[in-house]
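Working notes, structure below.
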Number of protein chains: 4
Amino acid sequence: MGKTRLEAFSDGVLAIIITIMVLELKVPHSSDLAVLQPLLPVFLSYLLSFIYIGIYWNNHHHMLHTVREVTGGILWANLHLLFWLSLIPFATGWLGENHFAAAPAALYGFVLLMAAVAYWILAHVIICAQGSGSLLKKAIGPDWKGYGSVLLYAAAMGLAFVSAWLACAIYVLVAILWLVPDTRIERVLRARGEQSGSAP
Amino acid sequence: MGKTRLEAFSDGVLAIIITIMVLELKVPHSSDLAVLQPLLPVFLSYLLSFIYIGIYWNNHHHMLHTVREVTGGILWANLHLLFWLSLIPFATGWLGENHFAAAPAALYGFVLLMAAVAYWILAHVIICAQGSGSLLKKAIGPDWKGYGSVLLYAAAMGLAFVSAWLACAIYVLVAILWLVPDTRIERVLRARGEQSGSAP
Amino acid sequence: MGKTRLEAFSDGVLAIIITIMVLELKVPHSSDLAVLQPLLPVFLSYLLSFIYIGIYWNNHHHMLHTVREVTGGILWANLHLLFWLSLIPFATGWLGENHFAAAPAALYGFVLLMAAVAYWILAHVIICAQGSGSLLKKAIGPDWKGYGSVLLYAAAMGLAFVSAWLACAIYVLVAILWLVPDTRIERVLRARGEQSGSAP
Amino acid sequence: MGKTRLEAFSDGVLAIIITIMVLELKVPHSSDLAVLQPLLPVFLSYLLSFIYIGIYWNNHHHMLHTVREVTGGILWANLHLLFWLSLIPFATGWLGENHFAAAPAALYGFVLLMAAVAYWILAHVIICAQGSGSLLKKAIGPDWKGYGSVLLYAAAMGLAFVSAWLACAIYVLVAILWLVPDTRIERVLRARGEQSGSAP
């Protein structure tokens, strides 16, 4: 079984998820510049989710580089990941519509948490299929970043009921964590002739 | 005629179908956690349909592995399958919106039934094109699962007017039937050097 | 310049057009079976447009088989075709919403007419790029079907104001014309080792 | 890292952006031909944006021809470009809904300006990755058209508050500038055996 269609299908779903979110930016009926102001939280939540989907697409891209043969387990673990990512537009819309209120901020963290867990499962299904000497296992390493993100999401979910802004700040922080050192990993792995991929 | 574009087009349509369904999860205007409760049936129907589209994508993927040359008949049988699958978001939305009422549950079964029939037609158009010694024919075998699913869908359509929950339980059962032994078939076929593919 | 991305982009746009149309089938709020009846014209117009997009995808697929090198002219002629096809969901929605009234039936014909003209332009840009001995030119031949369709669309646009049903019957007739002999052309061309492709 | 998935993902996002815009053409409830008249500005803004996305897709297609290896920087610069392009449907909808009013016309220019800047960044990230003797650098040259477009967008943003129609005329002018000489560049570059690509 080739991985071309798995990649094509995932690319399609991610491309639609990323573009569907922009539909939450509803076209205002007035032509006044001031009507854009209440859209600002919707825009910011869109920006954050766009970056998250970008990170997932980027890492998914790297992870599948290490895959030779697609098993039934990998297909379903991949669909499971896409399922949680497909809920991001809903969580984003609720967050933006309610100007970063407590419950939407907690739900946003929950969806990110489940997506991270689904990514972890996908990675481990691939590692099992590759057997000992798995390229992906070496690339991920002890995966501090993966486990740390899950802890931060969980913490943010609780903190959302204290301060939704604090929770959102944590989501931004995790996104930055995944954006910044990505090039470092890439460079290290290129030197070793390996490919990277770990869960945001 | 190559099959690359047939696969790409089908992947595109399936990716959009699976993602469009999530738009039925309308963003609530209140930020209260309690507003998520009435969304639960919508979420559950989305989950069920996501799994069904996943099963179809998975099996479609396997089935096209056995195809060398795409004929006009295969193109149209494939479009016919995509037509019925494209009605799943509508049936799902109606089922979720009305909290698993009788008529929506019956319609849901009808769309699944027609999709299964369309899948059967596609399989047999491919088998005819492959002639005697068809790889797909050997892989499908007597196709108990395919015929059984159609009977179960038909039964559920009738039972929906007695109990919509019973009908939905049958849809869940059929989905599980198709999820569970898929790996078994795959393993058997890999041993024989063949590829599988049958109608859910 | 390769044609892979041209095909991929066209497939993406056509897949989205075909799937967006189903959104016009709005989920009813009541769970009564009777609410499906007013949706019947929307469903029928969706079915007709699905078949038209299917025919276009099918013929586009064949036509690009004859293309070796993609020029700027081919890129823009292709985008021009996609532009008119992208208006089909709007024309379909208006036709279905108003239960096959006069003006929507005429507009539907206008969009089909412009799409046929755009297809003709694309075919001729490709023929020009291929120079004398163009494979596509031989495959299309005198193109009676292409010119006939355009005349039938134009006639239907006028007749729509007499009887919208007559106009729609003509659209169904043209679709059948393009569906039926397609396999014949395909078989003839395969015998000659050529590839077909003409405007619906 | 291959560029196939980068192209596939970009094609997917651009295909969805171009098709989502047509959803702003809301299906009217009356079947009178006269209801199409208020839709004219929506149609015209759709047409303009369709052409802009077409230009971007076309140039993106050319630019990636010069890329051999995709770095993390290229991935993110590409996502940054897609982010601004994904806001075009919103800007288009606002422009069309308000019949080319001042603030929407200025915002439209702002989104085009940011997309042009993002395109410029992507081009320069690619040029840096290619090192000295970059194929893309030679193809772009002094890039008068790129810088000129940015100046024209900025001017149009200011002029929008004097006359929204003047601003829109400038957007049309820039689109024509990018449409017309594209074939010239292509021909020149083909002669030199190079590939083109610059920011609209």
Side-chain angles (χ1 to χ4, degrees), chain B residues 1-21 23-24 26 42 45 69-107 110-111 160-161 164, chain C residues 3-36 39 42-43 46-47 49-62 64-65 178-187 189-190 195-197:
Chain B
M1 250 187 281
K3 67 175 174 181
T4 325
R5 276 194 76 181
L6 185 75
E7 289 183 335
F9 184 72
S10 307
D11 280 349
V13 171
L14 291 174
I16 299 160
I17 289 173
I18 223 168
T19 329
I20 266 182
M21 286 190 297
L23 293 177
E24 279 304 313
K26 304 253 165 63
V42 183
S45 63
E69 197 187 356
V70 176
T71 63
I74 292 175
L75 277 178
W76 283 104
N78 190 58
L79 277 169
H80 179 234
L81 172 62
L82 293 179
F83 177 75
W84 288 106
L85 293 179
S86 79
L87 294 175
I88 285 186
F90 172 76
T92 306
W94 203 31
L95 188 65
E97 174 100 2
N98 292 288
H99 297 200
F100 300 94
L107 183 82
F110 177 70
V111 172
F161 294 97
Chain C
K3 67 176 174 181
T4 326
R5 277 194 77 180
L6 186 75
E7 289 183 334
F9 184 73
S10 307
D11 281 350
V13 172
L14 290 174
I16 299 160
I17 289 173
I18 223 169
T19 330
I20 265 182
M21 286 190 297
V22 93
L23 293 177
E24 279 304 312
L25 269 175
K26 304 254 166 63
V27 173
H29 292 292
S30 155
S31 69
D32 201 12
L33 255 187
V35 297
L36 293 185
L39 285 177
V42 183
F43 177 77
Y46 170 56
L47 177 60
S49 296
F50 190 98
I51 291 171
Y52 264 109
I53 299 285
I55 292 169
Y56 268 103
W57 178 72
N58 203 330
N59 290 356
H60 190 264
H61 179 92
H62 280 77
L64 284 186
H65 258 279
W178 281 98
L179 275 176
V180 176
D182 233 342
T183 30
R184 189 181 53 82
I185 290 177
E186 194 182 284
R187 238 177 295 143
L189 289 172
R190 197 179 297 162
Q195 281 107 348
S196 79

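Naming: A, B, ... by sequence-line order, numbering from 1 per chain.
Side-chain contact between L25(C) and L87(B) is present, with heavy atoms from C-beta onward closer than 4.5 Å.
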For this session: Would you please test I53(C) and L79(B) for side chain to side chain contact (heavy atoms under 4.5 Å, CB included) and show each step?
Result: CA-CA 10 Å; I53(C) 299 285; L79(B) 277 169; over 6 Å; no
For this session: Given side chain to side chain contact (heavy atoms under 4.5 Å, CB included), test R5(B) with L64(C) step by step and report yes or no.
Result: CA-CA 11 Å; R5(B) 276 194 76 181; L64(C) 284 186; 3.8 Å; yes
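Among I20(C), L36(C), V35(C), the residue making the largest number of heavy-atom pairs under 4.5 Å with chain B is L36(C). Chosen from H99(B), E97(B), H80(B), the residue pairing most often with chain C at heavy-atom distances under 4.5 Å is E97(B). Most heavy-atom pairs under 4.5 Å with chain B, from the set L14(C), V27(C), I51(C): that is V27(C).
Looking at L33(C), both its backbone and its side chain come within 4.5 Å of chain B, counting heavy atoms on both sides. For chain B, the nearby part of L39(C) is the side chain; its heavy atoms alone come within less than 4.5 Å. L23(C) touches chain B through its side chain: at least one heavy atom from C-beta onward sits under 4.5 Å away, while N, CA, C and O do not. When heavy atoms are compared at a cutoff of 4.5 Å, L107(B) approaches chain C solely by way of its side chain, counted from C-beta outward. Neither the backbone nor the side chain of F100(B) has a heavy atom closer than 4.5 Å to any heavy atom of chain C. If you measure heavy-atom distances from L47(C) to chain B, the contacts under 4.5 Å come from both the backbone and the side chain.
Here T19(C) contributes atom OG1 and L82(B) contributes atom CG; the two are 8.5 Å apart, rounded to the nearest 0.5 Å. To the nearest 0.5 angstrom, L75(B) atom CG is 12.5 Å from I55(C) atom CD1. To the nearest 0.5 angstrom, F90(B) atom CZ is 11.5 Å from Y46(C) atom OH.
When every heavy atom of F50(C) is checked against every heavy atom of S86(B), the shortest pair comes out as CE1-OG, 4.4 Å. Taking every heavy atom of both residues into account, A103(B) and D32(C) meet most closely at CB-C, 4.4 Å. Pairing each heavy atom of S31(C) with each of A101(B), the nearest pair is CB-CB, 3.5 Å. A pairwise comparison of heavy atoms in A15(C) and G12(B) identifies CB-C, 4.0 Å as the closest pair.
A donor-acceptor pair is defined here as one N or O able to donate and one able to accept, closer than 3.5 Å; no such pair exists between the side chain of W94(B) and the backbone of K26(C).
Ring geometry for F9(B) versus W57(C): interplanar angle under 30°, hence parallel rather than tilted (30 to 60°).
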